[in-house]
Structures are given as C-alpha cells and as structure tokens.
Amino acid sequence: MKILVINGPNLNLLGLREPDIYGRRNYAALQDYIRESAADAGTEVEIFQSNHEGEIVDAIQEAFGVFDGIVINPAAYTHTSVAILDALKAVALPAVEVHLSDVSKRESFRQISFAGMACIATYMGLGFDGYRRAIFHLRDFCNGEVKDA
Ligand code: DQA
C-alpha cells in the first residue's frame with residue numbers, strides 16, 4: 001500500500017517558525033518521523049511539500065491511480081482552499097487530515113477546514129505523532145478495519 005503525505009505552506013520552516021506552537025524540530029526531522037512511521041505501519045510513503053496551492057492540487061490529481069491514500073496537512077490552505085477540497089473529492093482517495101497544533105483552540109479564522117470536509121479523520125494538536133496516527137488510520141481503513149467517519 002502506498003501513501004502520499006502532503007504538507008502545505010510554511011511547514012518547510014518547522015523549527016524556525018513559531019516554535020512555541022509548532023515545536024523545535026525541523027522539517028527534515030518530520031520527514032524522518034513520517035518515513036519511520038510508514039515503515040512501522042508496513043506501508044510505502046512519498047512526502048510532498050509545497051508553498052503553492054496549485055502545486056498541491058496537482059499533487060492530489062497526480063495521486064489518482066498511483067497512491068492508495070493521502071495524509072494531508074494543508075497548513076494555512078486548510079482554512080481557505082475550496083480548490084484543495086475539490087481535488088480531494090475529485091480523486092476520491094481516502095484522506096486523513098493532520099495539524100501539528102490544536103487548531104480548535106486557536107483563532108476564529110482557523111475554525112473552518114475545507115480539506116477536512118473530504119477527509120475520513122482528523123488528528124490535531126498531537127505534533128509529529130498526528131502523522132503517525134494518520135498513517136496507521138489510513139492503513140487500517142484501506143484494510144477494511146476502520147469505518148468512514
Ligand atoms: C497547521 C495549522 C494551520 O492553521 C496553520 O496555518 C499552519 C499549520 C498545523 O499543522 O497546526 O500552517 O496546519
């Protein structure tokens with residue numbers, strides 16, 4: 001089984017950006033963590049990061065027929081992008097949403113998640129561990145072991 005992990009804008013600056021919110025570990029450490037988690041789950045993984053909405057839409061479209069599921073942290077595009085929501089709906093691959101921080105306890109403009117409307121589950125406020133849980137959730141879902149939300 002092959003999982004695509006998509007990370008949106010500014011996640012490449014982990015470690016530097018607002019460490020009190022996002023932690024002190026950098027993006028390379030997150031990539032290592034994701035690869036280790038996928039290996040533990042027995043899945044293949046590819047990781048994609050972009051600061052550009054259209055590139056994220058392209059990556060979702062290109063995942064069709066190649067990947068079995070998507071883990072996505074759309075970052076700020078979570079709260080603005082109907083295009084990413086539509087792309088997820090278009091390819092109809094099972095997707096799990098991740099946020100490092102607990103967006104439910106943050107500003108009002110972060111309270112809507114467009115991408116989340118096309119996802120079977122969301123993990124937030126768990127830091128890196130959210131990605132691990134999302135990968136295992138997707139694996140179990142694809143193996144018929146968890147139901148759609
Ligand atoms: C984030 C939360 C978003 O609101 C924010 O814009 C991000 C990161 C998170 O992982 O906590 O860039 O998706």
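Just so it is clear, the values below take in all heavy atoms, side chains as well, and ignore hydrogens, waters and symmetry mates. These figures come from a predicted structure and were not determined experimentally. Each ligand, and each atom within it, is numbered from 1 in the order the structure gives.
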May I ask you to say whether D40 pairs ionically with R132, meaning some side-chain N is under 4.0 Å from a carboxylate O?
yes
N-O pairing of D86 and K89 below 4.0 Å:
no
Does any donor atom in the side chain of D129 or Y33 lie under 3.5 Å from an acceptor atom in the other side chain?
yes
Between Y77 and N51, a side-chain donor and acceptor under 3.5 Å:
no
Once you restrict both partners to nitrogen or oxygen, which atoms of ligand 1 have a protein partner under 3.5 Å, and how far apart are they?
unit_1   : atom_1 : unit_2 : atom_2 : d
ligand 1 : 4 (O)  : H79    : NE2    : 2.7
ligand 1 : 4 (O)  : R110   : NH1    : 2.8
ligand 1 : 6 (O)  : A76    : N      : 3.2
ligand 1 : 6 (O)  : R110   : NH1    : 3.0
ligand 1 : 10 (O) : N73    : ND2    : 2.9
ligand 1 : 10 (O) : L100   : N      : 2.8
ligand 1 : 11 (O) : L100   : N      : 3.3
ligand 1 : 11 (O) : S101   : N      : 2.9
ligand 1 : 11 (O) : S101   : OG     : 2.6
ligand 1 : 12 (O) : R17    : NH1    : 3.1
ligand 1 : 12 (O) : R17    : NH2    : 3.0
ligand 1 : 13 (O) : N73    : OD1    : 2.8
ligand 1 : 13 (O) : H99    : ND1    : 2.8

Before giving the answer on side-chain contact (heavy atoms from CB on, under 4.5 Å), spell out for I47 and Y27 the whole-Å C-alpha distance, their side-chain angles and the decisive distance to 0.1 Å.
CA-CA 11 Å; I47 306 169; Y27 190 65; 3.5 Å; yes
Name each donor-acceptor pair under 3.5 Å that joins a side chain in residues 117-125 to protein atoms two or more places apart or in another chain, with its distance.
unit_1 : atom_1 : unit_2 : atom_2 : d
T122   : OG1    : E97    : OE1    : 2.6
Y123   : OH     : H137   : ND1    : 2.8

